[in-house]
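Shown next, in structure tokens, is the structure this report addresses.
Because the structure is a prediction, the values reported are computed rather than measured.
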2 protein chains.
Amino acid sequence: MADLNNLLSPFFLNDKEIRKVIELLFFSYRDFTSGPDKILEKLNFGRAHHRVIYFVGKKNHITIKELLGVLQITKQSLSRVLNQLVSEKFILVSTGTDKRTKKLSLTEKGKKLENELSTIQIKKIREVINRFDVENINGFKQILYEMIEDNNKKTFQEIND
Amino acid sequence: MADLNNLLSPFFLNDKEIRKVIELLFFSYRDFTSGPDKILEKLNFGRAHHRVIYFVGKKNHITIKELLGVLQITKQSLSRVLNQLVSEKFILVSTGTDKRTKKLSLTEKGKKLENELSTIQIKKIREVINRFDVENINGFKQILYEMIEDNNKKTFQEIND
DNA sequence: TTATTTAGGTCAGCCATATTGACTTAATTA
DNA sequence: TAATTAAGTCAATATGGCTGACCTAAATAA
């Protein structure tokens with residue numbers, strides 16, 4: 001039966017092979033975040049701070065509500081992290097046209113940190129990806145994209161329009 | 001200059017495109033772990049328990065030391081999680097030939113939970129992966145593998161030999 | 001055989017990141 | 001004017017990490 005399955009669907013992957021993917025995701029994601037973690041530690045920041053800095057850098061003038069939508073954490077969780085970043089002058093808060101909203105942006109200090117952290121991850125990805133051909137790279141991106149829940153696919157598109 | 005780069009290296013990816021990969025990794029990894037999280041919550045377990053159950057299931061009779069090497073956490077961190085799993089009879093501890101060591105294995109109850117959690121993730125990966133061809137899938141696995149630090153590549157190989 | 005190393009455990013305290021629930025303020029919109 | 005929305009805050013709780021100090025028992029090296 002297993003043989004028949006392999007015969008009929010050449011792209012079929014058995015559980016054993018798929019478990020390897022589970023492990024690859026675990027190990028690669030952990031190592032992917034380890035570089036920035038070391039820099040953040042010196043500033044007494046964590047990965048949560050990195051995410052905020054990343055997405056504020058990505059979308060200048062992002063509001064609190066939008067940021068909460070991207071991060072999918074509670075406003076209480078965001079509050080602590082964001083207040084630290086604001087009080088230490090990595091992030092600047094201004095009022096929106098709708099005066100209920102706030103617009104977040106990186107200060108020069110914030111941009112510098114954002115750049116330092118992203119450079120590590122960009123370099124790492126580029127080093128890996130340069131060893132593969134364009135079909136593999138596009139396939140890689142597409143597979144990751146398809147692993148995202150539909151709701152969050154929208155978010156990905158929104159921050160990239 | 002950027003044009004020249006693109007001209008000379010067709011596989012060159014600019015920072016903007018690489019940033020998309022950073023985001024894809026963040027969103028996909030988060031959604032990938034959200035399924036099991038819901039089941040674990042009912043048992044008052046977290047992702048740390050899942051990892052222990054996963055790797056004990058993966059390598060029967062794994063020792064504490066080996067498990068610490070895979071998870072890369074301190075024994076104090078492992079201790080709390082593992083003791084819960086043992087006291088709630090998901091994991092069985094026996095003594096190794098070297099009587100200083102302990103061998104961990106899943107009980108029937110543990111196997112059942114492991115299966116329940118892994119099934120969700122395997123299903124998710126299979127659903128995605130079945131929409132791609134074998135070259136894309138292999139490329140995907142290889143790129144993830146290359147993102148792992150050398151030390152941890154060894155670990156991945158060891159648990160898969 | 002004694003000394004050292006190794007595998008594992010434990011106690012205590014600390015920090016980061018997340019949660020829920022309840023409540024407030026100010027501004028916008030119906 | 002009433003309802004909704006964006007944002008903030010206080011308090012309590014859980015999870016999952018960490019460091020440091022210290023312990024036991026077994027295996028191995030000097």
Could you state the atom-to-atom distance from [atom1] of [X] to [atom2] of [N] in whole Å?
{"X": "A:Ile64", "N": "C:dA26", "atom1": "CD1", "atom2": "C1'", "answer": "15 Å"}
{"X": "B:Leu68", "N": "D:dG17", "atom1": "CG", "atom2": "P", "answer": "12 Å"}
{"X": "A:His49", "N": "C:dA18", "atom1": "NE2", "atom2": "C1'", "answer": "13 Å"}
{"X": "A:Lys65", "N": "C:dT28", "atom1": "NZ", "atom2": "C1'", "answer": "13 Å"}

Task: Any residue of residues 73-105 of chain A with a heavy atom less than 4.0 Å from an atom of DNA chain C - done: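 Heavy-atom cutoff 4.0 Å gives A:Ile73, A:Thr74, A:Gln76, A:Ser77, A:Arg80, A:Thr97, A:Asp98, A:Lys99, A:Arg100.
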- [ ] Kindly state which residues belonging to residues 32-48 of chain B come within less than 4.0 angstrom of DNA chain C, counting heavy atoms of the residue only, listed by number.
- [x]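 Under 4.0 Å from DNA chain C: no residue of residues 32-48 of chain B.
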Task: A:Phe45 ring center near A:Phe90 ring center (under 6.0 Å) - done: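 Here the rings of A:Phe90 and A:Phe45 have centres that are less than 6.0 Å from each other.
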TODO: Verify whether one side chain among B:Asn160 and A:Glu23 offers a donor that lies under 3.5 Å from an acceptor in the other.
DONE: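 Result is yes, a qualifying pair exists.
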Open item on the list: Going by salt bridge (charged side-chain N to carboxylate O under 4.0 Å, His left out), name the pairs with one or both residues in residues 149-158 of chain B, residues two or more places apart or in two chains.
Closed with: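 Listed by first then second residue: A:Lys124-B:Glu149, B:Glu146-B:Lys153, B:Asp150-B:Lys153.
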Open item on the list: Set out, in order, the CA-CA distance, both residues' side-chain angles and the distance that settles side chain to side chain donor-acceptor pair (under 3.5 Å) for A:Asn83 and A:Ser79, then state yes or no.
Closed with: CA-CA 6 Å; A:Asn83 286 338; A:Ser79 169; 3.3 Å; yes
Task: B:Thr107 side chain to B:Lys89 backbone, donor-acceptor under 3.5 Å - done: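 Side chain of B:Thr107 to backbone of B:Lys89: a pair is present.
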Task: Residue pairs involving residues 98-128 of chain B (criterion ring pair (Phe, Tyr, Trp, His ring centres under 6.0 Å); sequence neighbours excluded) - done: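 Pairs touching residues 98-128 of chain B that pass the test: none.
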TODO: Go through the structure and list residues passing ring-ring contact (aromatic ring centres under 6.0 Å, His included) with B:Phe32, not counting sequence neighbours.
DONE: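 B:Phe32 satisfies ring-ring contact (aromatic ring centres under 6.0 Å, His included) with no other residue.
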- [ ] Go through the structure and list residues passing ring-ring contact (aromatic ring centres under 6.0 Å, His included) with A:Phe140, not counting sequence neighbours.
- [x]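 A:Phe140 satisfies ring-ring contact (aromatic ring centres under 6.0 Å, His included) with B:Phe140 only.
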